[in-house]
Visitor: 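Shown below is the structure under consideration.
Both ligands and their constituent atoms are indexed starting at 1 by order of listing.
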Amino acid sequence: MTAFPEIDRIRYEGPSSRNPLAFRHYNADDLVEGKPMRDQLRFSVVYWHSFRNPLSDPFGPGTAVRPWEDGTDSLENAKNRVRVAFEFMEKLGTQFYAFHDRDVAPEGATLVETNRNLDAIVKVLKEEQQRTEIKLLWGTANLFSNRRYMHGAATSPNSEAFAFAAAQVKKAIEVTKELGGAGYTFWGGREGYQNLWNTNVSRELDHLARFLHMAVDYAKEIGFTGQFYIEPKPKEPTKHQYDSDAAACLNFLRQYDLMGHLKLNLETNHATLAGHTMQHELEVAGSAGALGSLDANAGDELLGWDTDQFPTSIYLTTQCMYSVLKYGGLTTGGVNFDAKVRRESFEPIDLFYAHIGGMDTFARGLKIAAAMRADGRLEEMLRERYSSWDSGLGAEIEAGKHSFASLEKIMLKEGDATPNHSGRQELIENIINTYF
Ligand code: XUL
Ligand code: CO
């Protein structure tokens, strides 16, 4: 049985190919900065958008045609879907995937039944992983769809919701370990507020931190060595999410002594919603040594919601990969397409077009970023801009040899600070365009 009978394995055909089912830039074996592109990019397909999203929106039901679905929430249908997902990834040539517990297996009437369902599916996932050598990038738990989480999970005013979420994440970590997952992600779901009049912010943040400490402890207890991530998002579904952006996450991790335990999983559309660029988020996380993984997508400039479109801007992916390379490359993390085809792109083949486009766009971004780094002009201009700190007064200040009093003395004598280098933004932007 095959779900995509008309599609062969997607191959690299080079930039001049007009075959819509081929890569023009992503050639998995090509070396970039000494590593095959497949290892630099570590592409991952998300189960939720690609295999569970009916393509509904707040104004209408789903439009997706998915002939392999039998319309039920049965275990049989869920098992069959696993095989379809792996056929898709095999044909696409991605090495990783990611899922929420509830994406892969149906929720039962009780936790016992739900866990049993999950175990049954994990067995199939494991078989398919072994058959295809496709690996789990990260697992996660859906702590936001069920009505028990209407007020949040770890930050719910209802302690039973917290307890249920704890049980759910415990199981999700076990399953992620069982599948050899390289990581585990915490995205805030409904961990935020809709109304400050009914919210005890400090208590909710304490609870969130306690929850994450329990996760860290449990991972240690069972020997799960995958990387934990926290995924910033400022709003949607709540008006304000506690993990609103990279800086807020880092502050939270530091305040609650979680810094060494979690890295950041950064998503482009979340950065946009926060009023930042993805590059900003990457630089904030990277400079704190906490750049973990990328949820690759893009928003729409004219729509205010998390549209999770596939990335098609080479400028964007160049910025992403420039920061990734600068901070040492992806290790446990990957380029995870947390992206969905748009509601009008309802055919199965659109899933291929979308991912091929995203992969090629990232491959180009990677190559351009590597070329920029090899050329070195940008780095040289950056070095030059800070050169007053490399010797003399600047070096002395950095070395802690000065105080307000000693600096005042110098400036009283000199009379003024001399402006030195131009910012050269225009020149830099011109240079960047020469790489495209
Ligand atoms: C929601 C989002 C999630 C996380 C995983 O906007 O990005 O899908 O990536 O829970
Ligand atoms: Co995401």
Side-chain angles (χ1 to χ4, degrees), residues 42-58 96-104 136-146 149 152-155 165 168-169 172-173 175-176 181-192 208 211-212 215 226-246 248-249 262-274 276 278 281-282 285 291-300 303-311 320 330 332-341 354-355 358:
R42 294 169 62 84
F43 286 128
S44 166
V45 169
V46 304
Y47 214 90
W48 53 100
H49 282 317
S50 291
F51 294 99
R52 299 314 310 276
N53 193 329
L55 306 182
S56 55
D57 71 13
F96 293 96
Y97 72 111
F99 67 83
H100 301 84
D101 48 3
R102 302 301 176 253
D103 302 334
V104 291
L136 179 60
L137 186 70
W138 48 259
T140 189
N142 178 330
L143 305 178
F144 43 89
S145 294
N146 191 286
Y149 298 129
T155 65
Q168 197 181 323
V169 169
I173 294 173
V175 158
T176 301
Y184 183 92
T185 292
F186 294 89
W187 166 58
R190 295 179 193 273
E191 317 292 20
L208 182 58
F211 193 90
L212 292 174
Q227 176 65 50
F228 275 158
Y229 305 109
I230 184 166
E231 181 176 328
K233 183 173 182 180
K235 55 188 168 193
E236 197 187 88
T238 70
K239 175 159 74 181
H240 175 85
Q241 307 259 130
Y242 294 129
D243 51 14
S244 57
D245 64 2
C249 285
L262 288 97
K263 287 188 174 171
L264 303 191
N265 177 37
L266 299 170
E267 179 165 327
T268 316
N269 206 163
H270 296 179
T272 315
L273 291 176
H276 301 313
M278 181 62 162
E281 292 291 84
L282 289 158
L291 175 48
S293 197
L294 268 62
D295 268 10
N297 64 19
D300 186 292
L303 285 175
W305 11 305
D306 196 14
T307 54
D308 285 342
Q309 290 162 211
F310 278 81
C320 289
L330 295 168
T332 56
V335 173
N336 181 50
F337 289 110
D338 192 353
K340 58 177 181 253
V341 291
H355 284 88

Visitor: Answer yes or no: does an N/O atom from Lys233 fall short of 3.5 Å to an N/O atom of ligand 1?
Guide: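 Yes, at least one N or O pair falls under 3.5 Å.
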
Visitor: If you round to the nearest 0.5 Å, how far is CD of Glu281 from SG of Cys249?
Guide: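 Reported to 0.5 Å precision, the distance equals 8.0 Å.
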
Visitor: Looking only at distances, can you tell me whether any N or O atom of Asp338, backbone or side chain, sits closer than 3.5 Å to an N or O atom of ligand 1?
Guide: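 Checking ligand 1 against Asp338, an N or O pair does fall under 3.5 Å apart.
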
Visitor: Below 4.5 Å, heavy atoms only, C-beta onward: do Pro237 and Arg190 meet side chain to side chain?
Guide: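 In contact.
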
Visitor: Compare every heavy atom of Leu136 with every heavy atom of Tyr97, then report the nearest pair and how far apart it is.
Guide: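 Taking every non-hydrogen atom into account, O-CD1, 3.4 Å.
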
Visitor: Within a strict 4.5 Å, meaning less than it, do heavy atoms of the Phe186 and Leu262 side chains meet?
Guide: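 Phe186 reaches Leu262 side chain to side chain.
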
Visitor: With the Co ion (ligand 2) as the centre, enumerate protein N/O/S atoms below 2.8 Å in chain and residue order.
Guide: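 Counting only protein N, O or S atoms under 2.8 Å from the Co ion (ligand 2), the list reads Glu231 OE2, Glu267 OE1, Asp295 OD2, Asp338 OD2.
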
Visitor: Which of the atoms of ligand 1 are close to Trp48, meaning less than 4.0 Å from one of its heavy atoms?
Guide: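 Ligand 1 atoms under the 4.0 Å threshold to Trp48: 8 (O), 9 (O).
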
Visitor: Aromatic rings Trp48 and Trp138: how do their planes relate, parallel, tilted or perpendicular, breaks at 30° and 60°?
Guide: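 Ring orientation, 0 to 90° scale: tilted.
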
Visitor: Can Asn297 and Gln309 be counted as having a side-chain donor-acceptor contact under 3.5 angstrom?
Guide: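 No pair is found: no donor N or O on one side chain lies under 3.5 Å from an acceptor on the other.
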
Visitor: Can you tell if the side chain of Lys340 reaches within under 4.5 Å of the side chain of Thr307, non-hydrogen atoms only?
Guide: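 No; the side chains remain at least 4.5 Å from each other.
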
Visitor: Short N/O distance, under 3.5 Å, between Thr185 and ligand 1?
Guide: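 The answer is no, given that Thr185 and ligand 1 share no N or O pair closer than 3.5 Å.
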
Visitor: Looking only at distances, please establish whether an N/O atom of ligand 1 is found under 3.5 Å from an N/O atom of Glu267.
Guide: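 Checking ligand 1 against Glu267, an N or O pair does fall under 3.5 Å apart.
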
Visitor: Using the ring of each side chain (for Trp, its six-membered ring), is Phe51 parallel, tilted or perpendicular to Tyr47, with breaks at 30° and 60°?
Guide: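 Phe51 vs Tyr47 ring planes: tilted.
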
Visitor: Once the angle between the rings of His100 and Phe144 is folded into 0 to 90°, is it parallel (under 30°), tilted (30 to 60°) or perpendicular (over 60°)?
Guide: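 The rings of His100 and Phe144 stand perpendicular, inter-plane angle above 60°.
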
Visitor: Just by distance, with hydrogens left out, do Tyr149 and Glu191 show a side-chain donor and acceptor under 3.5 Å apart?
Guide: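 No - no donor-acceptor pair under 3.5 Å links their side chains.
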
Visitor: Counting only heavy atoms, tell me which of His100, His49, Glu231 gets closest to atom 9 (O) of ligand 1.
Guide: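 The option holding the nearest heavy atom is Glu231.
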
Visitor: Go through ligand 1 atom by atom and flag the ones less than 4.0 Å from a non-hydrogen atom of Asp306.
Guide: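 What qualifies from ligand 1 is 6 (O).
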
Visitor: Give the atoms of ligand 1, by number and element, whose distance to some non-hydrogen atom of Asp295 is under 4.0 Å.
Guide: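 Contacts of ligand 1 toward Asp295, numbered from 1: 9 (O).
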
Visitor: Does His270 approach ligand 1 within less than 4.0 angstrom via side chain, backbone, both or neither, non-hydrogen atoms only?
Guide: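 The part of His270 near ligand 1 is the side chain, not the backbone.
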
